[in-house]
Amino acid sequence: MTIQWFPGHMAKAKREVQEKLKLVDIVFELVDARLPLSSRNPMIDEVIQQKPRLILLNKADMADESETKKWIEYFSNKGFKAVAVNSFQGKGLQQVTKAAQEILADKWARMRAKGMKNRAIRAMIVGIPNVGKSTLINRLAKRNVAKTGNTPGVTKAQQWVKVGKELELLDTPGILWPKFEDPEVGLKLALTGAIKDAIINMEDLAVYALNFLSTHYPEQMRERYGIDSVDEEIVKTFDHIGRLRNVLGAGGEIDYDRVSELIVRDIRNLELGKLTFDFVEEELEKETVEN
Ligand code: GDP
């Protein structure tokens, strides 16, 4: 499913999330652990404002573990608690309630001081399409309550789902748009499969992927393709991989479309191992330049 994000849709999506915000104590901002910044909504701070927030780095099973640790620290330095989870297998989810309780500890203590009774924390999940919102809701609820592949703007009655005694979750997530003004963000989202192939030029994506691998993961590249950098003439790198993997057309020539697809598929299927596509060091450098 591809969502067409027109300006009107974005405004509506923002409104819908802000309506639901009134119902909850805390927001779980879901991002992809492989690209914790590129998979964020660019206006998230403006949308959520002062509402307490827990960042969940989902799909941690597919990300480079050492980079995930750096991202958790990065968010912590910005004042946000972040937790790595794998919604698919339900790993790390026990930490979610605990982290939410820690974030809300002061507020709950104030409530108790006023004589109010303890109640479950109310939460909602927000994130861009494909980041795993429905999977997480279903895992936390321990049953199928959220449909995967849901669309923004389709309003239905809100229901609370209980997650143990201490947490209640809205069964419909808030869906927000990704940051598509930056072409590199688009390429990273495409490489992780968050954007439909129909709107991507596979060859451009494969060129980006090869350059990315040679810069950040040369060892993994060597293991898979026998080379750890791209040739100055990128077509020679395609030729090499095409011959290595026998991706030839009927006349024995290299089939570049299929080589491109193979490289992208290899990355998505973790054939080069667990990779992360956003780097804390690069982000901190950018932030230093901007300030
Ligand atoms: P939504 O659009 O945000 O609701 O995303 P979905 O819940 O539909 O998930 C998108 C895809 O990511 C599905 O194929 C899920 O199976 C997969 N997925 C979700 N969470 C995880 C995870 O933690 N690990 C892995 N490996 N896959 C996940």
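Start at 1 and go down the list; that is how both ligands and their atoms are numbered. Quick caveat, the model's predicted, so the values are computed rather than measured.
- No part of Q89 comes within 4.0 Å of ligand 1, judged by heavy-atom distances.
- In this structure, the ring of Y225 has its center no less than 6.0 angstrom from the ring center of H240.
- Contact annotation: for N130 versus ligand 1, heavy atoms closer than 4.0 Å belong to both the backbone and the side chain.
- Looking at ligand 1, you won't find any N or O of A60 less than 3.5 Å from one of its N or O atoms.
- In this structure, F279 and H216 have parallel ring planes: the angle between them is below the 30° cut-off, well short of the 60° mark.
- Screening V31, L37, I55 for a side-chain contact (heavy atoms from CB on, under 4.5 Å) involving W71 leaves a single residue, L37.
- Remark: ligand 1 atoms within the under-4.0 Å shell around heavy atoms of N86 are 22 (C), 23 (O), 24 (N).
- Exactly one residue among K51, R53, R122, R119 makes a salt bridge (Lys or Arg N to Asp or Glu O under 4.0 Å) with D25. That residue is R119.
- Checking side-chain atoms of N58 against main-chain N and O of D32 turns up no donor-acceptor pair under 3.5 Å.
- In the vicinity of S87, heavy-atom distances shorter than 4.0 Å reach the ligand 1 atoms 20 (N), 22 (C), 23 (O).
- Between V131 and ligand 1, at least one pair of N/O atoms sits closer than 3.5 Å.
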